[in-house]
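The shown structure was predicted, so the numbers you read here are calculated from the model rather than taken from an experiment. Just follow the structure's listing: the first ligand is 1, and inside any ligand the first atom is 1. These numbers come from the heavy atoms of this one structure, side chains and all, not from hydrogens, waters or symmetry mates.
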Amino acid sequence: MKVLIINSGSSSIKYQLMLMPTAQVICQGIVERIGSQEAVFVYKTDNDEITKIMPVMNHKEGLEKIAKLLVDPKIGVIKNAGEIDAVGHRVVHGGNSFSKPTIINQTVKDKIKELAALAPLHNPHNLEGIVLAEKFFKNAKQIVVFDTSFHHTIPTKASKYAIPNKFFDEHGIQVYGFHGISHKYVSEKAIAYLHKKESKIISIHLGNGCSMTAVHNGKSVDHSLGFTPSNGLIMGTRSGDVDHAIIFYLVDTLGYKLDEVKTLLTRESGMMGLTGYGDLRDIQEEAEKGDKNCLLALEMNAYRIKKYIGAYAAAMNGLDAVLFTAGIGENSNKLRDLVCTNMEFLGLELDAELNDLRNPEIREINTPTSPVKILVVPTNEELEIAKEAYKILTFSLKEH
Ligand code: AMP
């Protein structure tokens, strides 16, 4: 079964064509910086690797280019679009409606659209990817996998906000949790690595968006993002935790409009707001050159993560492992070092040499005597989506 995975973000589309159930990758790539004259288009197969800088002004153009390359007579990997059996999509917000992956129909699309109000940076692009894929790959089943589904096991004591009950009961205002596809994939990897089904793990996903999940016996029991993907850790352009009274102050005293506050907190804050840089690599480079704002931003970032580690260890009454994943978590030895230093009281002992090594596999970066394992676990959201899409399709074929 050929499954195409589409992970349609705010300015990028990651894609992978996989043969299931073997999970053999037939081709993969990314279109980055969508919306610019200098978008980066990457296409990799076993035989070819192409990186092109070209104008890609919107997601439709990006997906058109991907679909065209897949069937290209010279470097394509399929003869026609009809060869694709299923397209698996990542959707960020599934609210209370979706605790499992699901096959797309109009009701599902309407619900994803409705939930766009809660994930304005993500759901509209996810939906656009679905609508375009339906057009390009007419014979394929379209399947959606939600970032929120993994967190349906969070108990009410952790998912409910202390505001009047009617907002929880009638309006669904609660913690939903995000990055669930990644947290599920990496925590399952860690559990298999540790040979420990009964385990207390803290999964730390640090990419453009950042979040932490307390995973007790394989289930999400608490999570740092909340009703929307805004709460918790300091992110690329999102502030994470702030005193909500700041919003009233900005509006009532400083004269900001609500839309401006939204933009400020979601697109102009976080590491960008603190340093002027959105990419952690730039921030690390400037910090090394002595830029005080960059240095402080790194320290603030790590400090926030430390606090959540403490909170989640307390919530689970213990800790077997913390794991780092995603672009920053997998690559920034600097940030891992800042997070894990002076955490011996909790059983975390980082091995500096292991931390500095680069290795694309799951690996330990703790000392041999560290009571708590510190792991780097490369995430693979595309593989997780492909596995779920395969599962749901084979199940639905058996049913008919
Ligand atoms: P993701 O959302 O998982 O694709 O992660 C994207 C982020 O990973 C970017 O903002 C970069 O700051 C960060 N990143 C990627 N490579 C590195 C690296 N070698 N060192 C530090 N950060 C990195």
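- Residues Ile173 and Phe227 approach most closely at CA-CE1, 3.8 Å, considering heavy atoms.
- Polar contact check, Gly209 against ligand 1: no nitrogen or oxygen pair lies under 3.5 Å apart.
- Note on Asp279 versus Arg281: salt bridge recorded, some NZ/NE/NH1/NH2 to OD/OE distance being below 4.0 Å.
- Protein heavy atom at the shortest distance from atom 21 (C) of ligand 1 is Arg281 CG, 3.7 Å.
- Nearest heavy atoms, Gly278 versus Met272: N-CE, 3.7 Å.
- Protein heavy atom at the shortest distance from atom 4 (O) of ligand 1 is Lys14 NZ, 4.0 Å.
- Shortest contact from atom 3 (O) of ligand 1 to any protein heavy atom: Gly327 N, 2.9 Å.
- Once rounded to the nearest 0.5 Å, the distance linking CD1 of Ile283 with CG of Leu295 reads 11.5 Å.
- With a 6.0 Å cutoff to the six-membered ring centre and a 45° limit on the axis angle, Lys52 does not count as a cation-pi contact of Phe41.
- Compare Leu280, Ile328, Asn331 by their heavy atoms: the one nearest to atom 7 (C) of ligand 1 is in Ile328.
- For a threshold of 3.5 Å applied to N or O pairs, the pair formed by Asp279 and ligand 1 contains at least one separation below that value.
- If you check each of Asn7, Thr325, Asn208, Asn333 against atom 10 (O) of ligand 1, the one with the closest non-hydrogen atom is Asn208.
- Relative orientation of the His59 and His125 rings is parallel, given thresholds of 30° and 60° on the angle between their planes.
- The contact set between ligand 1 and Gly207, taken as ligand atoms under 4.0 Å from a residue heavy atom, comprises 1 (P), 2 (O), 3 (O), 5 (O).
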